Amino acid sequence: MADIGDIKAIIFDLDGVLLSTDKYHYIAWKELADELGIPFCEKNNEMFRGVSRMDCMEMLVSKSATVVLTNKEKIAYAEKKNARYRSLLEEITPEFVEPEVRKTLEKLRMRGYRLAVGSSSKNSKFILKKTHLTDCFDSIVDGNDISRSKPDPEVFLKAAIALKAEPFQCAVIEDAEAGLSAAMSGGMLPIAIGEAKNSPLAKISLNTFGDLTEIF
Ligand code: BG6
Ligand code: MG
């Protein structure tokens with residue numbers, strides 16, 4: 001597995017790491033679950049972190065013994081969830097990003113690290129643009145670029161290629177078990193923050209985003 005001394009590139013998850021859009025995902029899934037009559041709480045939502053929209057839809061339906069949907073219906077409900085999520089995203093501005101996040105990304109870049117976003121979300125580029133974060137990264141790989149979502153390492157392996165780094169030269173910053181697991185199986189250094197902080201899969205855990213400047 002990757003070691004701190006080898007790291008040349010850092011790959012960041014988006015939702016719940018760079019900014020707290022994870023709370024909007026929860027609101028949108030919760031509203032859909034209520035509409036379908038499927039019990040859903042914040043604890044259930046933890047399993048949705050890092051997982052693609054359609055995989056989340058499958059997981060939601062599988063929680064119910066009575067709700068049976070055709071593929072077409074699942075796609076339509078997932079689109080409905082996304083429309084609600086996009087409406088919640090309307091309110092985000094550059095101020096939605098903690099100043100500590102922006103400062104840390106700048107410092108890491110000045111120290112010579114190559115930076116990427118590695119997210120399962122198909123809304124990544126929209127969010128990064130709206131919050132003026134796009135230019136903080138050398139590459140952005142997201143849900144539109146992959147065919148297998150986390151815990152598969154595809155998104156991180158593609159980001160590593162884009163950053164011209166070997167997997168062992170990459171650290172991954174994640175708030176999701178699925179993301180830490182993807183980093184591990186990709187041969188990268190899994191670093192946890194937020195909800196994943198106490199995960200046994202994390203090689204390092206951050207109390208705050210700014211802690212990264214003490215590690216790298
Ligand atoms: C991940 C989130 O970043 O993106 C998941 O942690 C979400 O909760 C996934 O399901 C897909 O997001 P989107 O924006 O493409 O629906
Ligand atoms: Mg996340």
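Each residue takes its place number in the sequence, starting with 1. Note that the structure is predicted; figures quoted are calculated from it, not measured. Ligands are counted one by one from 1 in listed order, and the atoms in each one are counted from 1 as well.
Distances below 4.0 Å separate heavy atoms of C56 from the following atoms of ligand 1: 10 (O). Counting the atoms of ligand 1 from 1 in the order shown, those under 4.0 Å from a heavy atom of N123 are 13 (P), 14 (O). Listed by number with element, the atoms of ligand 1 under 4.0 angstrom from any heavy atom of R49 are 6 (O).
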Yes or no on salt bridge (charged side-chain N to carboxylate O under 4.0 Å, His left out) for K158 and E154, after CA distance, side-chain angles and deciding distance? CA-CA 6 Å; K158 283 203 165 162; E154 184 181 9; 3.6 Å; yes
Would D142 and S119 count as a side chain to side chain donor-acceptor pair (under 3.5 Å) if you check the C-alpha gap in whole Å, the side-chain angles of each, and the deciding distance to 0.1 Å? CA-CA 5 Å; D142 71 10; S119 167; over 6 Å; no
Which pairs would a plain distance check flag for residues 71-78, meaning a side-chain donor or acceptor within less than 3.5 Å of a matching protein atom at least two apart in sequence or in another chain?
residue, atom, partner, partner atom, Å
E73, OE1, T70, N, 2.8
E73, OE1, T70, OG1, 3.3
K74, NZ, E58, OE1, 3.1

Sequence neighbours excluded and cut-off under 3.5 Å, please list the side-chain donor-acceptor pairs for residues 159-169, or say none.
residue, atom, partner, partner atom, Å
Q169, OE1, E166, N, 2.9

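Among S119, A176, A178, G50, the residue whose heavy atom lies nearest to atom 6 (O) of ligand 1 is G50.
The salt bridge (charged side-chain N to carboxylate O under 4.0 Å, His left out) test with R49 is passed by exactly one of D175, D13, D55: D175.
With a heavy-atom cut-off of 4.0 Å, H25 touches ligand 1 through its side chain alone.
For atom 8 (O) of ligand 1, the nearest non-hydrogen atom of the protein is F48 O, 3.0 Å. Looking only at heavy atoms of the protein, atom 15 (O) of ligand 1 is closest to K122 N, 2.7 Å. Taking atom 16 (O) of ligand 1 as the reference point, the nearest protein heavy-atom neighbour is R53 NE, 2.7 Å. Among protein heavy atoms, atom 1 (C) of ligand 1 sits closest to D15 OD2, 3.4 Å. Nearest to atom 10 (O) of ligand 1 among the protein's heavy atoms is V51 O, 2.7 Å.
Here the closest heavy-atom approach between residue T104 and residue G210 is recorded as OG1-CA, 3.5 Å.
Below 3.5 Å of separation, one finds no N or O of D13 facing any N or O of ligand 1.
Here the two rings, on F48 and W29, have centers that are under 6.0 Å apart.
Heavy atoms of G143 come nearer than 4.0 angstrom to ligand 1 in no pair at all.
With contacts defined as side-chain heavy-atom distances shorter than 4.5 Å, the pair P94/R102 qualifies.
Residue contacts to the Mg ion (ligand 2): E174 brings no N, O or S atom closer than 2.8 Å.
Rounding to 10 degrees gives 100° for the angle at the Mg ion (ligand 2) between O of D15 and OD1 of D175.
For D13, the N, O or S atom closest to the Mg ion (ligand 2) goes by the atom name OD2.
Geometric assessment of R111 against the ring of F216 yields a negative cation-pi assignment under the 6.0 Å and 45° thresholds.
Counting heavy-atom neighbours within 6.0 Å of K122 NZ, excluding the residue itself, gives a total of 12 or less.
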